[in-house]
Amino acid sequence: MKKKALIFGITGQDGSYLSELLLKKNYEVHGVKRRSSSINTNRIDHIYQDPYQKKRNFILHYGDVTDSTSVSQIIKKIKPNEIYNLAAQSHVAVSFEVPEYTANADALGALRILEAIKFHNLQKITKFYQAGTSEMFGKVQAIPQNEKTDFYPLSPYGVAKVYAHWITRNYREAYNIFASNGILFNHESPRRGETFVTKKIISAMCRIKFGKQKKLFLGNLYAKRDWGHAKDYCLAMWKILQYKKPDDFIIATGKQYSIKQFINLVAEKLKMQIIWKGKGLNEKGYNNKKEPIIECDKNYFRPLDVNTLLGDSSKAKKLLKWKPKINIKMLIEEMIEFELKNISK
Ligand code: NAP
Ligand code: GDD
């Protein structure tokens, strides 16, 4: 019998890569999508439109993690072997604007799924994966961060994810549910949402290079992130649920770059020259015609920002035999290639 997986957040960046991975592994993949006023399935349309997958292995359901009835009914109906909770209001800056909704979806969403597993007595059938985040480390208490590092979240998003992390551990210990936390550092891809910094930079710089945009406005250029590729990280999620017992794992590359360094790497790949001048809000990136093409805008700064994130994934390397295959230069190359194809269309 085929294994059944249920993905909350299937229409997101990770949901799409995880679906592809699980289908390759011969799972029957169920996904929960929300109703939206415009189409939100762009990242999975290629799977859904494949007649073979559509008929047999890839099934979508309407639901929402803020709606316990839909969560419970879908889980009761499918009785999945694996549930991946990737559903979240995942934008850190937005979480300052909609903190209550972020808590409802990102914190209580995990609780609703765990409750449904418990309520329908699926402890022996269903394993649960919670999409935790390096944002939980916030004001970092150690460098690099590992599974033993204390959390100190700096945003409503980070705080909500800390709740989801602990409720996952609580249901593991209290009710014997196979419930694991991945603590994933930033991961990107051509399918990354447009308003996250890597996608925003690459998309704008490609457009600037071909004269389709004049300037790129950004916030904090000095925050440092440990960036990996979503494809590698989705493999880690699956491995976490195949491990012999439920546990918590850091997934990271162990390498860190600032936003400014990331821009310089993109410029190098695009053969664009950027000369940086000025300080603070007046810092600007100039092209070889001495025109400012990158500027700071105070609207893109957050009330609090996480200045540095660097993960130590030795535990995952040792126990899961996981390590990232795609480095930052390969990631940038793939994202640029995708963007240039879009521009030429
Ligand atoms: P993403 O592209 O923003 O996808 C989020 C998904 O959640 C989308 O499918 C979205 O649906 C869905 N969703 C949002 N609110 C929902 C709700 N109330 N009910 C049901 N579904 C809802 O995020 P991602 O980059 O794939 O990340 C996946 C998960 O990993 C998220 O939980 C994120 O917080 C976490 N994470 C991400 C990273 C990273 O660097 N990417 C790192 C650590 C942890 P719509 O398409 O309809 O909006
Ligand atoms: N989005 C954005 N837009 N970020 C900017 C900008 C801008 O114009 N300018 C500077 N930044 C800085 C942010 O202040 C932050 O320090 C850094 O770039 C990264 O921002 P994002 O790409 O929005 O990612 P994030 O690190 O806040 O959150 C992502 O990674 C988390 C894991 O650490 C998201 O995917 C979260 O869902 C995820 O949990």
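Whatever order the structure lists ligands and atoms in, that order sets their numbers, starting from 1. Quantities reported herein were computed from a predicted structural model and do not represent experimental measurements.
Neither the backbone nor the side chain of Asn307 comes within contact range of ligand 2; no heavy atom lies under 4.0 Å. With a heavy-atom cut-off of 4.0 Å, Tyr17 does not touch ligand 1 at all. Under 4.0 angstrom from ligand 2, the non-hydrogen atoms of Val92 all belong to its side chain. Under 4.0 Å from ligand 2, the heavy atoms of Asp305 that appear belong solely to its side chain. Counting heavy atoms closer than 4.0 Å to ligand 1, residue Arg34 contributes side-chain atoms (C-beta onward) but none from N, CA, C or O. If you look at Glu135 next to ligand 1, there are no close heavy atoms at all, none under 4.0 Å. Heavy atoms of Lys33 found under 4.0 angstrom from ligand 1: none, in either backbone or side chain. Both the backbone and the side chain of Ser90 come within 4.0 Å of ligand 2, judged by heavy-atom distances.
Annotation: Lys118, atom NZ; neighbour count of heavy atoms from other residues, nucleotides and ligands within 6.0 Å is above 12. No more than 12 heavy atoms of other residues, nucleotides or ligands sit less than 6.0 Å from atom CD of Glu100. Lys315 NZ: more than 12 foreign heavy atoms inside a 6.0 Å radius. More than 12 heavy atoms of other residues, nucleotides or ligands shown are found within 6.0 angstrom of CZ on Phe217. For NZ of Lys231, the number of neighbouring non-hydrogen atoms (other residues, nucleotides, ligands) closer than 6.0 Å is 12 at most.
Note: no N/O pair closer than 3.5 Å links Gly15 and ligand 1 by distance alone. Checking only distances, Leu309 never comes within under 3.5 Å of ligand 2, N or O to N or O. Polar contact check, Lys200 against ligand 2: a nitrogen or oxygen pair lies under 3.5 Å apart. Of the N or O atoms in Phe196, none lie within a sub-3.5 Å distance of an N or O in ligand 1. The N/O atoms of Gly219, backbone and side chain alike, include one that comes under 3.5 Å of an N/O atom in ligand 2. An N or O contact shorter than 3.5 Å is missing between Ser134 and ligand 1 by distance. At least one N/O-N/O distance between Tyr101 and ligand 1 falls below 3.5 Å. Residue-to-ligand polar distances place Thr11 within reach of ligand 1: an N/O pair is separated by less than 3.5 Å. Here's the thing with Leu184: none of its N/O atoms is less than 3.5 angstrom from an N/O atom of ligand 1. Of the polar atoms of Thr66, none of the N or O atoms is found under 3.5 Å from an N or O of ligand 1, judged by distance alone. Taking any N or O of Ala131, backbone or side chain, none lies under 3.5 Å from an N or O belonging to ligand 1.
Here CZ of Phe301 is found 5.0 Å from CG of Leu281. Values are rounded to the nearest 0.5 Å. Atoms CD and CG, on Glu82 and Leu22 in that order, are 7.0 Å from each other to the nearest 0.5 Å.
Of the N and O atoms on the side chains of Lys255 and Asn327, not one donor lies less than 3.5 Å from an acceptor on the other residue. In the model, Asp106 has no side-chain atom that pairs as donor or acceptor with a side-chain atom of Thr102 under 3.5 Å.
Salt-bridge formation is not detected for the pair Lys199/Glu188: no Lys NZ or Arg NE/NH1/NH2 atom is positioned less than 4.0 Å from an Asp or Glu carboxylate oxygen. A salt bridge does not link Glu28 with Lys3: every distance from a Lys NZ or Arg NE/NH1/NH2 to an Asp or Glu carboxylate oxygen is 4.0 Å or more. Using a 4.0 Å cut-off between charged side-chain N and carboxylate O, Glu339 and Lys269 make no salt bridge.
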Checklist entry - Going through the checks in order, is the side chain to side chain contact (heavy atoms under 4.5 Å, CB included) test met by Asn186 and Asp226? => result CA-CA 6 Å; Asn186 299 49; Asp226 175 335; over 6 Å; no

Item to check | Residue pair Ser16, Arg191: steps toward the side-chain hydrogen bond (donor to acceptor under 3.5 Å, both in side chains) verdict | outcome: CA-CA 9 Å; Ser16 68; Arg191 298 182 197 168; 2.9 Å; yes

Checklist entry - Could you walk me through whether Lys127 and Asn81 pass the side chain to side chain contact (heavy atoms under 4.5 Å, CB included) check? => result CA-CA 6 Å; Lys127 295 180 186 179; Asn81 304 97; over 6 Å; no

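When the heavy-atom distances from atom 29 (C) of ligand 1 to Leu86, Thr41, Ile10 are ranked, the shortest goes to Leu86. Residue Tyr157 holds the heavy atom nearest to atom 38 (C) of ligand 2 of all those in Tyr157, Phe137, Phe217, Trp227. Distances from atom 21 (P) of ligand 2 to the heavy atoms of Gln13, Arg302, Gln89, Lys199 show the closest one on Arg302. Atom 35 (O) of ligand 2 has its nearest heavy-atom neighbour, among Met136, Arg192, His91, in Arg192.
Ranking the protein heavy atoms by distance from atom 3 (O) of ligand 1 puts Ser90 OG, 2.7 Å first. Ala88 O, 3.7 Å is the protein heavy atom nearest to atom 5 (C) of ligand 1. Of all protein heavy atoms, the one lying nearest to atom 41 (N) of ligand 1 is Arg192 NH1, 3.2 Å. At the top of the distance list for atom 38 (C) of ligand 1, counting protein heavy atoms only, stands His187 CE1, 3.2 Å.
Atoms of ligand 2 found under 4.0 Å from any heavy atom of Ala223, numbered from 1 in the order shown, are 16 (O). Within ligand 2, the atoms closer than 4.0 Å to a non-hydrogen atom of Ser134 are 32 (C), 33 (O), numbered from 1 in the order shown. Within ligand 2, the atoms closer than 4.0 Å to a non-hydrogen atom of Thr133 are 31 (C), 32 (C), 33 (O), 38 (C), 39 (O), numbered from 1 in the order shown. If you number the atoms of ligand 2 from 1 as listed, the ones under 4.0 Å from a heavy atom of Tyr300 come out as 8 (O).
Ring geometry for Phe151 versus Phe137: interplanar angle of 30 to 60°, hence tilted. Between Tyr84 and Tyr129, the ring planes lie tilted relative to each other; the angle falls in the 30° to 60° range.
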